[in-house]
Amino acid sequence: MRKNIIRAAITVVVLLLQATTVCAQNHIDQMVENFSALGSSKFTSVVERNPATGRIQKVVKVLEVTGPKAASFRQVFLKEKETGSFSQQQEGEEQTLTLSCENSKQVRLYMLRTTGRTVVNSAKVTIIVKIKKT
């Protein structure tokens, strides 16, 4: 079981390294990697594989951060908005930023949900990487 988790983690890291050279959302990926190692955040990563071939079909990463560091994610999303298709929604105290990037090998969706109107209290970053069939 532990070997499978280690193998999956290595696969995710390799996939992310390959993907960040293709899409321009390097800063978001780097921040998620850095914050996922901190004790003040909550990080989940799931890899979906094709049962017949063992190839990765989809990777989903979710990072939750609270406190003053959460605001830095909003700044990075706004900085990267020109690198793909970007949308922004405000609903009460919650703001959602979405950024997508597509190329011949994959579709990457980045979503940031923050709470707090003037000061960001918490942030939840979701990254979905869907591998296209080759």
Side-chain angles (χ1 to χ4, degrees):
M1 178 74 174
R2 188 165 177 86
K3 287 182 182 180
N4 289 341
I5 293 171
I6 292 170
R7 208 175 288 148
I10 290 170
T11 303
V12 168
V13 170
V14 169
L15 178 68
L16 285 174
L17 288 174
Q18 290 173 346
T20 56
T21 59
V22 177
C23 292
Q25 289 75 28
N26 294 14
H27 293 100
I28 299 171
D29 288 316
Q30 288 171 356
M31 282 189 72
V32 168
E33 287 296 319
N34 292 338
F35 277 78
S36 67
L38 298 176
S40 62
S41 64
K42 198 161 90 174
F43 179 70
T44 307
S45 180
V46 178
V47 177
E48 181 182 304
R49 294 181 177 270
N50 180 323
T53 64
R55 289 187 173 179
I56 295 174
Q57 293 179 317
K58 184 175 17 175
V59 178
V60 178
K61 293 175 134 188
V62 178
L63 176 74
E64 295 181 54
V65 180
T66 57
K69 295 182 180 181
S72 57
F73 280 98
R74 186 177 183 284
Q75 294 166 349
V76 170
F77 263 77
L78 292 174
K79 182 180 176 182
E80 296 284 353
K81 71 180 181 180
E82 302 299 324
T83 64
S85 177
F86 180 79
S87 70
Q88 184 173 353
Q89 287 182 314
Q90 181 80 37
E91 201 171 299
E93 290 283 316
E94 189 173 278
Q95 185 176 47
T96 303
L97 307 175
T98 307
L99 178 64
S100 63
C101 174
E102 183 174 354
N103 61 37
S104 62
K105 295 182 180 182
Q106 60 188 250
V107 176
R108 296 178 70 85
L109 177 66
Y110 296 83
M111 185 171 66
L112 172 67
R113 286 201 169 157
T114 60
T115 58
R117 197 173 276 265
T118 55
V119 176
V120 176
N121 299 319
S122 66
K124 181 177 181 180
V125 180
T126 304
I127 301 173
I128 301 172
V129 180
K130 177 96 167 97
I131 309 299
K132 293 181 177 180
K133 295 180 182 179
T134 55

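As a basis for the values below, the full set of heavy atoms in this structure was taken, side chains included, without hydrogen atoms, waters or symmetry mates.
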Checklist entry - What distance separates E93 CD from T115 OG1, expressed to the nearest 0.5 Å? => result 7.5 Å
Checklist entry - Which one of Q89, R113, R74 satisfies the side chain to side chain donor-acceptor pair (under 3.5 Å) criterion with Q95? => result R74
Checklist entry - Where the side chain of S85 meets the backbone of S100, is there a donor-acceptor pair that is under 3.5 Å apart? => result no
Checklist entry - If you measure from OG1 on T126 to CG on L112, what distance do you get to the nearest 0.5 Å? => result 9.0 Å
Checklist entry - Would R108 and Q106 count as having a side-chain donor-acceptor pair, cut-off 3.5 Å? => result yes
Item to check | Closest heavy-atom pair and its distance - T66, S122 | outcome: CG2-CB, 3.9 Å
Item to check | Worked check of salt bridge (charged side-chain N to carboxylate O under 4.0 Å, His left out) between E33 and K61 | outcome: CA-CA 10 Å; E33 287 296 319; K61 293 175 134 188; 2.5 Å; yes
Checklist entry - Shortest non-hydrogen contact from V65 to F35? => result CG2-CD2, 3.9 Å
Item to check | Any donor-acceptor N/O pair, R55 side chain to N50 backbone, under 3.5 Å | outcome: no
Next on the checklist: Go through it in stages, so that I can follow the logic: the residues are F77 and F86, the test is ring-ring contact (aromatic ring centres under 6.0 Å, His included), and I'd like the CA-CA distance, side-chain angles, deciding distance and then a yes or no.
Outcome noted: CA-CA 9 Å; F77 263 77; F86 180 79; 7.6 Å; no
Checklist entry - Counting distance only, does the side-chain N/O of Q90 pair as donor-acceptor with the main-chain N or O of G92 below 3.5 Å? => result yes
Checklist outcome for this item: Interatomic distance, NZ@K42 vs CD@E64, rounded to 0.5 Å, equals 4.5 Å
Next on the checklist: Tell me the closest heavy-atom pair linking S104 and K132, and the distance in Å.
Outcome noted: O-CD, 3.6 Å
